Amino acid sequence: MSFLSLVFANPMMLAALVALPAIWWLLRLTPPRPVTEAFPPLRILATVLKREETPSKSPWWLTLLRMLMAAAVILAISDPVLNPRANTLSANGPLVLFVDNSWATAPDWERRVNTIDALLADAESRDVPVSIVFTADREHNAVPTSPDDARNRLAAAAPQPLSPDRKAAFTALATALQETPPGTIAFISDGVASGENDVMADLASLSPGELRLIGGNPEAVAITASTNEADAMSISVSRLDTAGARVLPLTAYDIRGRAIASGTVSFNAGEGTARGAITAPFELRNDFSRIGIDGQATAGATYLLDDGFRRRRVALLSGEARDQSQPLLSPLYYINRALAPFADLVQPNEADLAVAIPELLSQKPSMLIMADIGRLPDETYGPLGQWIENGGTLIRFAGPRLAAAPAEDPLVPVTLRQGERALGGALSWAEPQPLADYPAQSPFAGMPKPEGILVKRQVLAEPTADLSSRTWASLADGTPLVTTKTQGSGRIILFHVSAEATWSNLPISGAFVEMLRRSVQMSRSGGVASEGAPNGQTLAPYRLLNADGVLVGETARARPLEPRAGATPVADAEHPPGLYGSEEGFTALNLLAANAELMPVNTEGLSLAYTSEPLLGAETVSLKPALFAIALTLALVDTLVVLFMAGTFSRVRLSRAAAAAAILAAFSVATLVPDVSHADDSKPGDENILSRLDKTHLAYVVTGEADVDRISERGLAGLTDFLTYRTTLEPGPPVGLDISRDELSLYSIIYWPISANAAMPSPQAISRVDAYMRAGGTVLFDTRDQFNSLSGSAATSQNAERLQAILADLDIPPLEPVPTDNVLTKSFYLLSSFPGRYTGSPLWIEAHPDNGAEDAGRPARTGDGVSPIMITGNDLAGAWAIDGNGAPLLPTVPPDEMQREYAFRAGVNIMMYMLTGNYKADQVHIPALLERLGQ
């Protein structure tokens, strides 16, 4: 612990304090107070013969005031210094600063800079060269230089989101010193061992004059692993200081940085590692993008998640028709029950495999499970093989059909013997076989040893040289139970038993659930494209983690990541922790290896004694200016006291009337003149906020074109009346918005009529709209020209081109036309389209992952499924617009009053969708909806 200390730069000046008693006597006397005499002559004559008087003594408190002033001057001249530092650097060689600038130094980096700067000042005063090296930097320049150059390098240094590479730094240091013994080695450490734990011994081997260990970070904690388990997200955390019990709060954030779940991790006294959990529904855990420890802003306390932690889409395909009367005999029954909590399951609508397989692949599943399918249609092998090459995972289960299939099937991982092997029974000498321990290279390794599982039938693999390396599970007699093969970016997995309980009791065991869950977690999230990337494609850095645990877009110094089968990427200087890939899909690279432990730097068995010091707590401060300021203040107080005692203030009097008049005039001016200094404190549009909080208001963007704005205002007025008459919602009058200044968050939806003749919004206005959409608002863009500019057509209208220019500056999600089963089609009315004055343009909304988006890991909206953007060209406001008598202002094209009625209903559905979200998507509404449909 660092304590404050005080020294005097000129201690001889303290001898002047002995003169304070003499000053006491000199300051005792003050001039007599002047007496005010009356004019009458007799009074003057009476006082002429007044006896001589000596001056009166000064009051004790005034003398004490002057004594304090004199003492302050004497102490100021002696120059006291608070928190002084003693310069004890060895002058027998250069000063070596071996500095950790790893992730653990981010919280107290400024204190480390102050400590190093103080050491550089000591070296400068002794004219000692300095060798400074930063252990987390990619390049090391340890050649001794001047303190000024070292200070410049210190100013350019910063904490890195990496573990220190002390071996490389020490090698550079030893090479630069060229066997010259350093005078002082100061190891400014983060306190955490990084792989090698003998850096102190290496530094001692340089034979310095003295060795100092400065700093450390006992509060360092790091997240080392995370697993998306069945009911919670499990997080492994390691800490450096294990002295006492400690509870750390955990927070999970989505892709937009919003906290969406929390949990805790608890350490017992003496424990360096612990496991915590964030309990949340699986759907919510799918939205986790990163996990952080509250109050620990470091790269180690931040754990990034990628597609590997998200829910998969699994397609199920069976070789026989499903028997609803005997579900326990269905090949897909146990698979469905095992995977339902972990994955989105889809099944084909057609029994014809030639139709069913393309149908399933079109939904871009991560995994395809085929239960007892032997022969496939010839035309399906090509698409299936390409799908696997692009990253798909195919799991096959044996059965009578697969056992009878040809041996040269390309979609099995091993060569199979035709027919099955029966274990047990009257015609077999073999007994049913239990499972053996899982191999170390298997993803099932670490699971409890399976007990009570017996296999009575199986398909056998032909023995090959690599059969053992392809085996994930086997029976006690050594025959394979689960085999695998890598094909391109994907994988083929074969269970050598059936998916129902006729060949073994494995499907009705807990081990079966865990096997499938681990296999699903290994598959690629978000599905695969029909034409994938070439094998071995590198992943460019997309977002990188800085030392404070924040994702940034500065990726220039990072090299692309090259994933290799069977190898786990490790964060280093060339591949800092972060996200590698693109917005369509990325891989998370975290700082620490899975289940790593934080250990302190080893200082045992050194050949040289060392001293341990804390970081510099405060800078050296001279008290001279403060003491002079105190002395000056006391002098001013003394002057005022003397003037008061001399009666100076009693002769300077101001009439009460004049004072009252001055005060009254000042008050009048203050009330009449506006307060200009605070005129700019209010935000634009504040005067209208209170008047718009009483009711829901429909809002539109004011374009500056009178005709367009009039139709927008009358259109929203017509929709407001329709909502009032047909629903329980009673909105207030529509509001025109200036998006550059008005508060947008008061409105759930904003109608924006696009006009190519209107002025282009400023970047600041676009930024405000983007922030509004991120905060949960929705903007309905209407090009009003019936032109479908998002359908891929090469031709565009002028309004569509203006819309594209506006959207180019907005961070919008992928879009799709409103699906037939979307909430928008049933939020109030049952609709199949969303017409306005025109009917030719679809209504575009945010594409939902379940609707076929290629990347389920893209930034997804969690605000009850409400899309932040809608786009149409049907001129909705034109269809809604009414005059003062309620008559339509504009005709529909073609003229059809039912089209106008459906346009109003579309407006009602949009408003109910905005106000209720995915409420109508709940399954509880299906019976009522089917009843209304007449089904």
Side-chain angles (χ1 to χ4, degrees), residues 227-231 234 282 308-309 311-318 328 330-345 365-373 392-399 402 412-414 432-459 461 467-486 490-525:
T227 305
N228 199 353
E229 297 182 346
D231 55 350
S234 177
F282 195 91
F309 292 85
R311 192 180 185 95
R312 270 60 167 180
R313 174 170 292 176
V314 178
L316 304 180
L317 200 59
S318 173
L328 296 182
S330 171
L332 297 180
Y333 177 79
Y334 298 103
I335 298 175
N336 202 314
R337 296 291 297 271
L339 291 181
F342 312 111
D344 292 328
L345 305 179
S366 300
M367 176 179 287
L368 174 61
I369 298 180
M370 297 195 305
D372 191 21
I373 294 180
T393 300
L394 173 64
I395 293 184
R396 303 189 67 173
F397 282 86
L402 182 63
V412 293
V414 294
Q433 290 291 310
L435 271 64
D437 292 335
Y438 300 112
Q441 80 277 7
S442 169
F444 308 147
M447 290 174 52
K449 183 178 180 179
E451 299 290 344
I453 298 176
L454 296 176
V455 174
K456 296 180 292 184
R457 302 176 77 88
Q458 69 176 140
V459 291
L467 181 59
S468 60
S469 62
R470 293 187 179 186
T471 300
W472 281 0
S474 59
L475 303 183
D477 61 1
T479 55
L481 175 66
V482 182
T483 54
T484 183
K485 178 181 72 171
T486 301
R491 183 182 296 275
I492 301 175
I493 302 171
L494 173 63
F495 282 75
H496 291 239
V497 293
S498 64
E500 28 77 29
T502 57
W503 284 29
S504 74
N505 59 351
L506 175 64
I508 60 175
S509 67
F512 184 73
V513 177
E514 185 64 15
M515 284 180 173
L516 287 182
R517 189 190 71 83
R518 295 196 180 194
S519 300
V520 168
Q521 288 300 109
M522 292 181 62
S523 66
R524 180 175 173 180
S525 176

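Counting from 1, the numbers follow the sequence of the chain as shown. Predicted model, so just to flag it, every value in this text is computed and none were measured.
Residue pairs that meet the salt bridge (charged side-chain N to carboxylate O under 4.0 Å, His left out) test with at least one member in residues 438-447, sequence neighbours left out, do not exist here.
No side-chain heavy atom of I492 sits less than 4.5 Å from a side-chain heavy atom of I395. Residues L317 and I373 have side chains in contact (heavy-atom distance under 4.5 Å, counting atoms from C-beta outward). Considering only heavy atoms from C-beta on, L368 comes within 4.5 Å of M370 through its side chain. Taking 4.5 Å as the limit, some side-chain heavy atom of M447 sits within range of a side-chain heavy atom of R518. Within the 4.5 Å cutoff, side-chain heavy atoms of V482 are placed close to those of F444.
S234 pairs by the side-chain hydrogen bond (donor to acceptor under 3.5 Å, both in side chains) definition with R275, not counting sequence neighbours. With sequence neighbours excluded, the residues that form a side chain to side chain contact (heavy atoms under 4.5 Å, CB included) with S509 are I453, L506, A511, F512. Residues passing the side-chain hydrogen bond (donor to acceptor under 3.5 Å, both in side chains) test with S498, sequence neighbours excluded: E500. A search for side chain to side chain contact (heavy atoms under 4.5 Å, CB included) contacts involving M522 returns P443, W472, R491, not counting sequence neighbours. Under the rule for a side-chain hydrogen bond (donor to acceptor under 3.5 Å, both in side chains), the partners of T483 that lie at least two apart in sequence or sit in another chain are H496. Listed by chain and residue number, D466 satisfy the salt bridge (charged side-chain N to carboxylate O under 4.0 Å, His left out) test with R470 (two or more places apart in sequence, or in another chain). The salt bridge (charged side-chain N to carboxylate O under 4.0 Å, His left out) check on R337 picks up nothing, with sequence neighbours excluded. Annotation: side chain to side chain contact (heavy atoms under 4.5 Å, CB included) contacts of A476 (sequence neighbours excluded): Q433, P434. Considering only residues two or more places apart in sequence or on other chains, N336 meets the side chain to side chain contact (heavy atoms under 4.5 Å, CB included) condition with L316, A340, L345, Q347. The side-chain hydrogen bond (donor to acceptor under 3.5 Å, both in side chains) test applied to N505 returns no partner, not counting sequence neighbours.
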- request: Given side-chain contact (heavy atoms from CB on, under 4.5 Å), test R396 with L402 step by step and report yes or no.
  value: CA-CA 9 Å; R396 303 189 67 173; L402 182 63; 3.7 Å; yes

- prompt: Would I369 and L339 count as a side-chain contact (heavy atoms from CB on, under 4.5 Å) if you check the C-alpha gap in whole Å, the side-chain angles of each, and the deciding distance to 0.1 Å?
  reply: CA-CA 11 Å; I369 298 180; L339 291 181; 3.5 Å; yes

- request: Apply side-chain contact (heavy atoms from CB on, under 4.5 Å) to the pair F495 and L481, showing each step before the final yes or no.
  value: CA-CA 6 Å; F495 282 75; L481 175 66; 5.5 Å; no

- request: Before giving the answer on side-chain contact (heavy atoms from CB on, under 4.5 Å), spell out for D372 and S318 the whole-Å C-alpha distance, their side-chain angles and the decisive distance to 0.1 Å.
  value: CA-CA 7 Å; D372 191 21; S318 173; over 6 Å; no

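Remark: S504 OG to R457 CZ distance equals 12.0 Å, nearest 0.5 Å. Put simply, OG on S366 and CZ on R313 are 8.5 Å apart, with the number rounded to the nearest 0.5 Å. A distance of 7.5 Å separates CG of L435 from OG of S474, quoted to the nearest 0.5 Å. F397 contributes atom CZ, which lies 9.5 Å from atom CD1 of I493 (distance to the nearest 0.5 angstrom).
Across every non-hydrogen atom of A371 and A499, the tightest pair is CB-CB, 4.2 Å. The minimum heavy-atom distance between S519 and M367, with the atom names listed, is O-CE, 3.3 Å. The two residues A445 and P439 make their nearest non-hydrogen contact at CB-O, 3.4 Å.
Looking only at distances, no side-chain donor or acceptor of S442 sits under 3.5 Å from a matching main-chain atom of Y438. Here the side chain of T479 pairs no donor or acceptor atom with the backbone of L475 at under 3.5 angstrom.
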